[in-house]
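Here is the structure we will look at, set down as structure tokens.
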Amino acid sequence: MDLAYICEWEKWPKSTHCPSVPLACTWSCRNLIAFTTDLRSDDQDLTRMIHILDTEHPWDVHSIRSEHSEAITCLEWDQSGSRLLSADADGQIKCWSMADHLANSWESPVGSLVEGDPIVALSWLHNGVKLALHVEKSGASSFGEKFSRVKFSPSLTLFGGKPMEGWIAVTVSGLVTVSLLKPSGQVLTSTESLCRLRGRVALADIAFTGGGNIVVATADGSSASPVQFYKVCVSVVNEKCRIDTEILPSLFMRCTTDLNRRDRLPAITHLKFLARDMSEQVLLCASSQTSSVVECWSLRKEGLPVNNIFQQLSPAVGDKQPTILKWRILSATNDLDRVSAVALPKLPISLTNTDLKVASDTQFYPGLGLALAFHDGSVHIVHRLSLQTMAIFYSSAAPRSVDEPAIKRPRTTGPAVHFKAMQLSWTSLALVGIDNHGRLSMLRISPSMGHSLDAGLALRHLLFLLEYCMVTGYDWWDILLHVQPNMVQSLVEKLHEEYTRQKAELQQVLSTRILAMKASLCKLSPCAVTRVCEYHAKLFLIAASSTLKSLLRPHVLNTPDKSPGDRLTEICAKITDVDIDKVMINLKTEEFVLDMNTLQALQQLLQWVGDFVLYLLASLPNQGSPLRPGHSFLRDGMSLGLLRELMVVIRIWGLLKPGCLPVYTATSDTQDSMSLLFRLLTKLWICCRDEGPTSEPDEALVDECCLLPSQLLIPSLDWLPVSDGLVSRLQPKQPLRLHFGKPPALPGSATSLQLDGLIRAPGQPKMDHLRRLHLGAYPTEACKACTRCGCVTMLKSPNKTTAVKQWEQRWIKNCLCGGLWWRMPLSYP
């Protein structure tokens, strides 16, 4: 367990910390972190602001003026990572969503209010989606065996079983409030008392049961009082939200029932269910000023003994013993230093004893440990059931040697730097903490948890978690923290091998995600930079070809089941003729008729296809040079087949409107560049297509490609800019020190090799990578950039035709690589 980076605020004159202000921090499955801080100065108060950052660019923090009137007590991301709930000490709850799908532009259209009643716990209602990880089957071939859907009911369903969205919160005075978001945008809110006798609730937590009920745990802060549990059922009756509550068995903490220790730990400071969808296990922490004890409890069904007399009277009772629900303690720690924060794992590893035995047999540790932060600045990862320490991290304060006498130790002024809020990432491989000085620290948690694993096993665990992210659609940045450059090659190969073992339908669904995953892995190795460009070009090619093919319309409506795009693919695969016009004759050209304005609007995309084909063919003679991007395309039958189909489509559209054709600079006026390129491309495709035998390109083809630069001007392709993110620079074990709001002058990353057309100086012309437009050195249009691959595109579309809209819909929410969009500030010379 080691520190990856620390990010701190700029020093202000007279800035103060408010130790009494609670901090909230939450980590989304898209690797966005939302947090609050306790900093305030005379002219600025940061305690009412929500700060959102992407883990790859932590200095680029976006602060939302939340308009909460009191300190923010809870923050909570939804399952998709695109909406955020915030609640404050005045009972106000706000629901934030991204404006224009930008991760640094947020708006709060809806919310709810329990006036003057501070919120102590907050959660989104469960949507009924629950996966289980089967670690013991990590060698199985199908993803369906490794990750299975668990039957779990949503908290509330709409017509047809669709889960209803909404949130539930618990207030200090013992009220539970539920807000439901109707599809129309209307919010139904209802508030109910948890039980008849309302009491103070200092701590609370919310969990969900498989049957669709909600369980709320509450404590009044005193360890002499019981921890109470309630079942909450939500329903909609006559267009109104209805809440029914029921009391469940309660418990007293073990450390307070012992007469000798009763007064030593007067307060309960932490109360958490072990997981959102595990209401049977709860973690409690009782503390004094200097020490804490942590206990783990489990809810069990136990038989009630029945007196013999009753058994004889009623034989039915004798057969079936009545049962009762009872809390039983699973484990407890000895006296620890005072706990300041707790973080629980989100990886869905089930917690029955057999599963834990499997985890120890397979030596798979992520997701088994929870993190405890202490007031002395240390962080312990402890097993989430046995509470035994698995790993320890000491902050900047060096651990003291045991034999050093107490008098020699320097007396520290004020409390040590410690985490006030912590969160584990979705794969439990990273931990973020906000300390009492407002700094954000990112810790790596090794998948081996301090155990010695052989390299092959560690690689298999990382591969298993990458597959989990591929299936769930979560962002995998936290896994990349643990990938060393020498692992990249084998991880990419094994990932591809596992992917090819899946069913064809699943492969089609995951085809773009695996390309994005391979690209992000290759970024970490200096030898694989060109592969990053190739994977992004392939993503672009797949998206462009499916958009262009979807514009084709059948001529008569009652056509057979094949769409024009499928028929085009079939005919191009069947007819291996090198003459473009002979292939064209076999197609029904009336299916290709489009509006003239539409064709003209697509010119930039078609130009890219033409330039790309020319670039690939021109680089065939020196294919031995892996430093030039495009090397792998020359042996990729599928991609060459796609390019060949697009060339045919472009040729037909060129007959309708010559203005949409790609423009080539040729040395001879009479030369037909399109048919020349098509002929060479077909010859190259025949060498490596999937159906036929693969062979090396013959001498004649290589010679013809050698002549291309003397016939046509070879364009310099604009490959993606190398991203300025952190993950490729974090490989050495020295933590980076960063400042919020200041881009760091980082040492050149491993990937900044001098490659053809890959280096971008600040004043060079920029490119809209998705519309293929030149934006100039200092674009005047507002642009957005992808947080993962660095791809840049304009926010507003310059063209309003339907075909262009169809193309833009493909990447309006996320970049083609799956990364989030971040609005770029305008740059000035």
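The basis for the numbers below is simple: all heavy atoms, side chains too, and nothing from hydrogens, waters or symmetry mates.
- Contact of the V342 side chain with the L283 side chain is registered, since non-hydrogen atoms from C-beta on lie closer than 4.5 Å.
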Q.
Please evaluate residues L431 and V379 with respect to the criterion side chain to side chain contact (heavy atoms under 4.5 Å, CB included), reporting the C-alpha separation (whole Å), side-chain torsions for both, the decisive distance (0.1 Å), and the verdict.
A. CA-CA 10 Å; L431 174 78; V379 177; 3.9 Å; yes

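- For the atom pair Q502 CD and Q508 CD, the distance stands at 14.5 Å (nearest 0.5 Å).
- Considering only heavy atoms from C-beta on, L515 stays 4.5 Å or farther from L816 through its side chain.
- Side-chain atoms of R444 come within 3.5 Å of backbone N or O of L481 as a donor-acceptor pair.
- The closest donor-acceptor contact from the side chain of S386 to the backbone of H383 lies at 3.5 Å or more, if one exists at all.
- Taking the six-membered ring for Trp and the full ring otherwise, W59 and F740 have centroids separated by 6.0 Å or more.
- Side-chain N or O atoms of S340 include one that pairs as donor or acceptor with a backbone N or O of A373 at under 3.5 Å.
- Between the side chain of H769 and the backbone N or O of V792, at least one donor-acceptor pair lies under 3.5 Å.
- Side-chain N or O atoms of S520 include one that pairs as donor or acceptor with a backbone N or O of M517 at under 3.5 Å.
- Counting only distance, with no hydrogens or angles, the side chain of W426 and the backbone of W27 share a donor-acceptor pair below 3.5 Å.
- With respect to E498 and K146, a salt bridge is recorded, a charged nitrogen being found less than 4.0 Å from a carboxylate O.
- Two residues are said to be in side-chain contact when any heavy atoms from C-beta on lie closer than 4.5 Å; V727 and E56 meet this criterion.
- Checked by atom type, the side-chain pair D478/T427 shows a donor-acceptor distance below 3.5 Å.
- Here the rule is salt bridge (Lys or Arg N to Asp or Glu O under 4.0 Å) with D475, and of R513, R788, R30 only R788 fits it.
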Q: Decide yes or no on side chain to side chain donor-acceptor pair (under 3.5 Å) for T787 and H57, but give the supporting numbers first.
A: CA-CA 8 Å; T787 53; H57 306 92; 5.8 Å; no

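- L368 has its side chain within reach of I349: a pair of non-hydrogen atoms, C-beta onward, lies under 4.5 Å apart.
- Ring geometry, W477 versus Y5: the interplanar angle exceeds 60°, so the pair is classed perpendicular (tilted spans 30 to 60°).
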Q: Just do the side chain to side chain contact (heavy atoms under 4.5 Å, CB included) check on I445 and I381 with the steps written out, would you?
A: CA-CA 9 Å; I445 300 177; I381 304 278; 3.7 Å; yes

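- Side-chain polar atoms of W811 and T793 form no donor-acceptor pair below 3.5 angstrom.
- Taken from NE2 in H418 to CD1 in I434, the straight-line distance is 12.5 Å, to the nearest 0.5 Å.
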Q: Verify ring pair (Phe, Tyr, Trp, His ring centres under 6.0 Å) between F147 and F464, making sure each step is shown before the conclusion.
A: CA-CA 10 Å; F147 318 104; F464 184 63; 5.3 Å; yes

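- No side-chain donor-acceptor contact under 3.5 Å links S298 and E280.
- Side-chain contact between F540 and L770 is present, with heavy atoms from C-beta onward closer than 4.5 Å.
- For H380 and F374, the distance between ring centers is under 6.0 angstrom.
- Judged by distance alone, the side chain of S525 and the main-chain N or O of C527 form a donor-acceptor pair under 3.5 Å.
- A distance-only check finds a donor-acceptor pair linking the side chain of S619 to the backbone of L616 [under 3.5 Å].
- No donor-acceptor pair closer than 3.5 Å links the side chain of N104 to the backbone N or O of H62.
- Within the model, atoms CG of L736 and CG of L726 stand 6.0 Å from one another, a figure rounded to the nearest 0.5 Å.
- From C815, atom SG reaches atom CH2 of W822 across 15.5 Å, with rounding to the nearest 0.5 Å.
- Considering only heavy atoms from C-beta on, Y468 comes within 4.5 Å of P348 through its side chain.
- For the pair C7 and M442, the minimum side-chain heavy-atom distance is 4.5 Å or more.
- Distance CG/L385 to OG/S331: 6.5 Å, rounded to 0.5 Å.
- Side-chain contact between V529 and C522 is absent, with no heavy atoms from C-beta onward closer than 4.5 Å.
- A centroid separation of less than 6.0 Å is found between the aromatic rings of F152 and H126.
- Legend: residues meeting ring pair (Phe, Tyr, Trp, His ring centres under 6.0 Å) with H461, ordered by chain and number and at least two apart, are F364.
- Under the 3.5 Å distance criterion, the side-chain polar atoms of D54 are left unmatched by any main-chain donor or acceptor of P58.
- Between H482 and S446, the side chains place no donor N or O within less than 3.5 Å of an acceptor N or O (distance only, hydrogens not considered).
- Taking CE from M638 and CZ from F633, the interatomic distance works out to 9.0 Å, rounded to the nearest 0.5 Å.
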Q: With side chain to side chain contact (heavy atoms under 4.5 Å, CB included) as the test, would you mind laying out the steps for L465 and L429 before giving the verdict?
A: CA-CA 10 Å; L465 289 170; L429 292 184; 3.7 Å; yes

